[in-house]
Structure formats: structure tokens, C-alpha cells
Amino acid sequence: MKNIPLLLMGCGGVGRQLLQHIVSCRSLHAQQGVHLRVVGVCDSKSLVFASDVITRELNDQTLSEVCRVKSNGSSLSALGDLGECTVNGNTESKRKVMDIAALLGKATGLAFVDCSASSETIRMLNQVVDMGCCVVLANKKPLTSTMEDYDKLVSYPRRIRHESTVGAGLPVIESLNRLLSSGDPVHCIIGSLSGTLGYVMSEVEDGKLFSEVVKAAKNLGFTEPDPRDDLSGMDVARKALILARLLGRRINLDSIKIESLYPDEMGPDAMSVEEFLGSGIVSLDNDVQERVKRASLNGNVLRYVCVIEGSRCEVGIQELPKDSPLGRLRGSDNVLEIYSRCYNKQPLVIQGAGAGNDTTAAGVLADILDIQDLFP
């Protein structure tokens with residue numbers, strides 16, 4: 001049985017779902033000759049870890065209790081005495097995490113898994129890659145930091161996996177890597193990489209008001225608590241930057257042209273969420289309707305997409321043919337069109353659920369299993 005020590009940063013929706021996947025897949029992994037040994041779980045305030053990280057692990061009962069406590073909105077410090085070790089405090093937790101990474105990195109290796117949404121993990125990740133640890137990311141921020149941080153993270157390409165940073169569990173990164181490593185240069189990527197904005201744009205195409213669609217999306221749980229986090233386009237821009245850098249573009253986030261779906265005067269600093277959804281967003285309906293009509297007269301539809309082509313890297317609303325893969329997109333799916341030498345006139349199309357804690361966590365789990373050959 002191959003044992004893979006794992007330390008998880010982040011116990012939000014994705015992190016909790018990952019722990020649940022690990023527990024529920026024990027018998028399947030046993031058949032594959034693999035055991036994922038969770039030695040520590042960390043949130044922003046506390047760390048719970050095995051008493052001896054070399055030989056022991058957090059048992060499945062403890063992992064289930066971690067999920068229960070975190071789903072209630074509590075800190076890991078609320079776990080109480082489960083026969084495990086706990087460190088409280090942000091600074092103290094980080095210090096202990098680094099001690100564990102240094103110890104296991106040299107001894108058996110460690111899968112350092114970042115399912116947080118924090119930029120505070122960047123410095124830690126830059127250090128653990130030199131300790132012999134493998135890095136698995138659902139967190140986009142480390143890969144969209146400075147080029148210096150990015151170069152450090154990918155300096156050991158066999159030891160980093162980040163499929164779930166773009167398209168949740170869809171094989172986007174893997175497909176691009178296969179094309180590039182085979183010498184098939186990718187010259188254009190066009191993609192709808194936000195399930196929220198994909199849903200919004202396909203609904204307004206049917207004549208529904210933009211404001212009503214956004215409110216409906218929020219009620220369905222498709223948006224962040226503040227829908228402007230989705231409507232700003234920043235999340236799509238981060239995904240576009242990850243793809244652009246994968247293609248060799250040495251650019252930063254501020255190099256990307258980003259179209260926000262609301263003006264600055266409706267931003268979080270100027271309006272509360274209630275004001276935005278109550279009176280602000282209604283004033284945007286006419287403009288969106290006009291753009292939908294103009295596109296329809298041209299035989300096109302509107303989609304919020306990222307475009308990476310040559311030196312061009314931008315995200316925003318584009319007119320696209322109705323009969324194209326992106327034009328046919330309905331609902332909250334992600335769709336990516338990849339054009340290369342081999343996929344020139346007819347692009348390689350990747351489509352499927354591109355959001356959701358379950359799908360994203362499944363992608364993270366697949367990444368962890370993909371690096372099992374690096375462990376003794």
C-alpha cells in the first residue's frame with residue numbers, strides 16, 4: 001500500500017468536500033493500492049494535526065468532525081479534545097505547518113493541498129516547493145501573483161497540479177499540457193469560464209431582464225453573496241491569466257483588459273449589496289437589452305468570455321455565432337474552444353460543469369492521485 005501524506009489548507013466548501021471524498025473513497029483507493037494519510041487540516045485561525053505526522057494520521061471520525069464544525073461556521077479550535085494536536089492562532093499555525101512540511105518533505109514527501117481562497121498561502125507555497133513537497137491547488141491566487149511567485153511555484157513542474165483552478169474538474173490544464181508537450185502550439189483560446197456569467201448571458205438572450213436574471217442566479221446559489229464579485233469579471237480574469245501563463249505569456253493581472261458588468265459608481269465602496277440589487281442594477285437593463293438586440297440582428301449571441309490570442313488577453317462580452325460551441329452554451333456549463341495547429345478550423349472543445357464544490361473537490365482529488373508515483 002502506497003501512503004501519501006496530505007496536509008490541507010482551507011476548510012471552506014471545497015476543502016470540506018475533499019475530505020468527504022477522501023473518506024468515502026477509502027475502499028476504492030485501497031483497491032488501487034493507495035492510502036491518503038491526512039496528517040493536518042488548517043483554516044485561517046487554527047491547525048489540527050496528528051500527534052506523530054511520520055506514522056499517524058487524522059482518522060476518518062476526526063475528518064468528519066472537522067467537516068461538521070466548519071460547516072457550522074466555527075473555527076477548528078472548536079473541535080475540542082479528539083486525541084489530536086491543535087495549534088491556535090494564525091502565526092503559530094503557519095509556523096507549525098512549515099515544521100510539518102519540512103519534516104515530511106525530507107522524509108516521505110507531502111501533498112500540500114491549498115483549497116483556500118487566500119493570498120496568505122503564497123509565501124508558504126514558495127517555501128514548501130524547496131522542501132520536496134508536492135503542491136496541489138484549487139486556490140487561483142498563488143498562480144496569479146507576481147511572475148516571480150509563479151516561476152517559483154512551477155520550478156518543479158512534476159510536483160505541481162492545479163487542474164481545479166480553471167473549470168473545476170474539467171480537464172482543461174491537462175489537455176493544454178498534452179498539446180503543448182506534443183509540440184502542437186496553441187494560438188487561440190476562447191472560453192466561457194464562469195458558470196454564473198454563462199447562466200446570466202444565456203438567460204438574457206431569451207429576453208429576460210438582466211437585473212431579474214442576476215437576482216434569480218443569486219437565489220439559486222449561482223453567485224457569490226455579493227453578485228458583483230462575479231459581475232466584475234475578476235474571477236474570469238484570474239483563470240485567463242493562468243491559461244495565458246501556461247502558454248508562455250509572461251504577463252500579470254493588470255495586463256488583462258477586464259470588462260465589468262457594472263460601473264464603478266455601483267461598486268462595493270459606493271453601494272451596499274441591497275442597494276445594488278434594489279435600485280442600482282435595474283438601470284443596467286436597457287443597455288444589456290440593446291446589446292442583445294444588436295447581436296441578434298447580426299445572427300450572433302452575447303457571451304462573457306476570455307480571449308487569449310497572440311499578445312491579446314482580455315475578458316468581457318463578445319458577439320459569437322449562434323451555431324458555435326460557445327453560442328450554443330446554455331445554463332451554467334463552462335465551454336472552452338482551443339485552436340492549435342492540429343485543431344485549427346475545428347477547435348478542441350471542452351464542456352461541462354465548471355463550478356461547484358463537489359466537482360472542484362473531485363478535480364483536486366484526481367490531482368493528488370496523479371502524483372502518487374512521486375511518493376515511495
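None of the values given here were measured: they were computed from a predicted structure.
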Chi angles and distances behind the side-chain contact (heavy atoms from CB on, under 4.5 Å) call for Arg249, Ser255:
CA-CA 11 Å; Arg249 315 288 195 269; Ser255 307; over 6 Å; no
Hey, what do you get for [atom1] ([X]) to [atom2] ([Y]), rounding to the nearest 0.5 Å?
X: Phe210; Y: Asp285; atom1: CZ; atom2: CG; answer: 8.0 Å
X: Thr62; Y: Leu19; atom1: OG1; atom2: CG; answer: 11.0 Å
X: Arg245; Y: Asp151; atom1: CZ; atom2: CG; answer: 8.0 Å
X: Leu320; Y: Arg303; atom1: CG; atom2: CZ; answer: 7.5 Å
X: Leu176; Y: Leu336; atom1: CG; atom2: CG; answer: 7.0 Å
X: Met234; Y: Lys140; atom1: CE; atom2: NZ; answer: 12.5 Å

Close side-chain approach of [X] to [Y], heavy-atom, < 4.5 Å:
X: Ile22; Y: Leu6; answer: yes
X: Ile368; Y: Val364; answer: yes
X: Gln20; Y: Cys67; answer: yes
X: Leu243; Y: Val166; answer: yes
X: Leu326; Y: Val305; answer: yes
X: Leu110; Y: Val53; answer: no
X: Phe49; Y: Val97; answer: no
X: Val335; Y: Arg328; answer: no

Is the side chain of [X] donor-acceptor paired with the backbone N or O of [Y] at a distance under 3.5 Å, no angle test?
X: Glu259; Y: Ile317; result: yes
X: Glu163; Y: Val172; result: yes
X: Ser296; Y: Lys293; result: no
X: Ser283; Y: Gly280; result: yes
X: Asp367; Y: Val136; result: no
X: Thr360; Y: Ala168; result: no
X: Asn252; Y: Asp254; result: no
X: Asn219; Y: Lys215; result: yes
X: Asp43; Y: Leu76; result: yes
X: Asn90; Y: Ser44; result: yes

Val38 vs Glu57, test: side-chain contact (heavy atoms from CB on, under 4.5 Å). Steps then yes/no.
CA-CA 5 Å; Val38 182; Glu57 64 187 289; 5.6 Å; no
If the threshold is 4.0 Å, N to carboxylate O, is there a salt bridge linking [X] and [Y]?
X: Asp235; Y: Lys239; result: yes
X: Asp206; Y: Arg330; result: yes
X: Lys152; Y: Asp130; result: yes
X: Lys141; Y: Asp149; result: no
X: Arg68; Y: Glu65; result: yes

Enclosure of Arg26 CZ (heavy-atom neighbours >12, cutoff 6.0 Å)
yes
Would you say NZ of Lys2 has more than 12 non-hydrogen atoms from neighbouring residues, nucleotides or ligands within 6.0 angstrom?
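Yes - once you tally the heavy atoms of other residues, nucleotides and ligands closer than 6.0 Å, there are more than 12.
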Tell me the closest heavy-atom pair linking [X] and [Y], and the distance in Å.
X: Pro376; Y: Thr108; value: CD-O, 3.3 Å
X: Cys25; Y: Leu365; value: SG-CD2, 4.4 Å
X: Arg56; Y: Ser51; value: NE-OG, 3.0 Å
X: Ala295; Y: Leu302; value: CB-CD2, 3.8 Å
X: Ala111; Y: Phe375; value: N-CZ, 3.8 Å
X: Gly167; Y: Asn334; value: CA-OD1, 3.7 Å

What's the verdict on side-chain contact (heavy atoms from CB on, under 4.5 Å) for Leu209 and Gln289, showing C-alpha distance, side-chain angles and the deciding distance?
CA-CA 7 Å; Leu209 292 176; Gln289 278 188 313; 3.5 Å; yes
Could you go through Met9 and Met124, starting from their C-alpha distance and side-chain angles, then the distance that decides it, and tell me whether this counts as side-chain contact (heavy atoms from CB on, under 4.5 Å)?
CA-CA 11 Å; Met9 302 291 291; Met124 302 170 72; 3.8 Å; yes
Do you know which of Val214, Ile281, Leu231 makes side-chain contact (heavy atoms from CB on, under 4.5 Å) with Leu261?
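Passing option: Leu231.
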Classify the angle between the aromatic ring planes of Tyr339 and His187 as parallel (below 30°), tilted (30 to 60°) or perpendicular (above 60°).
tilted
Treating Ile, Leu, Val, Met, Phe, Trp and Tyr as nodes and any side-chain heavy-atom pair under 4.5 angstrom as an edge, say whether [X] and [Y] lie in one connected cluster.
X: Tyr262; Y: Val200; value: yes
X: Leu143; Y: Ile122; value: no
X: Leu197; Y: Leu241; value: yes
X: Ile258; Y: Met266; value: yes
X: Leu193; Y: Leu253; value: no

Assess, by modelled atom type and distance only, whether the side chains of Glu319 and Asn300 contain a donor and an acceptor separated by less than 3.5 Å.
yes
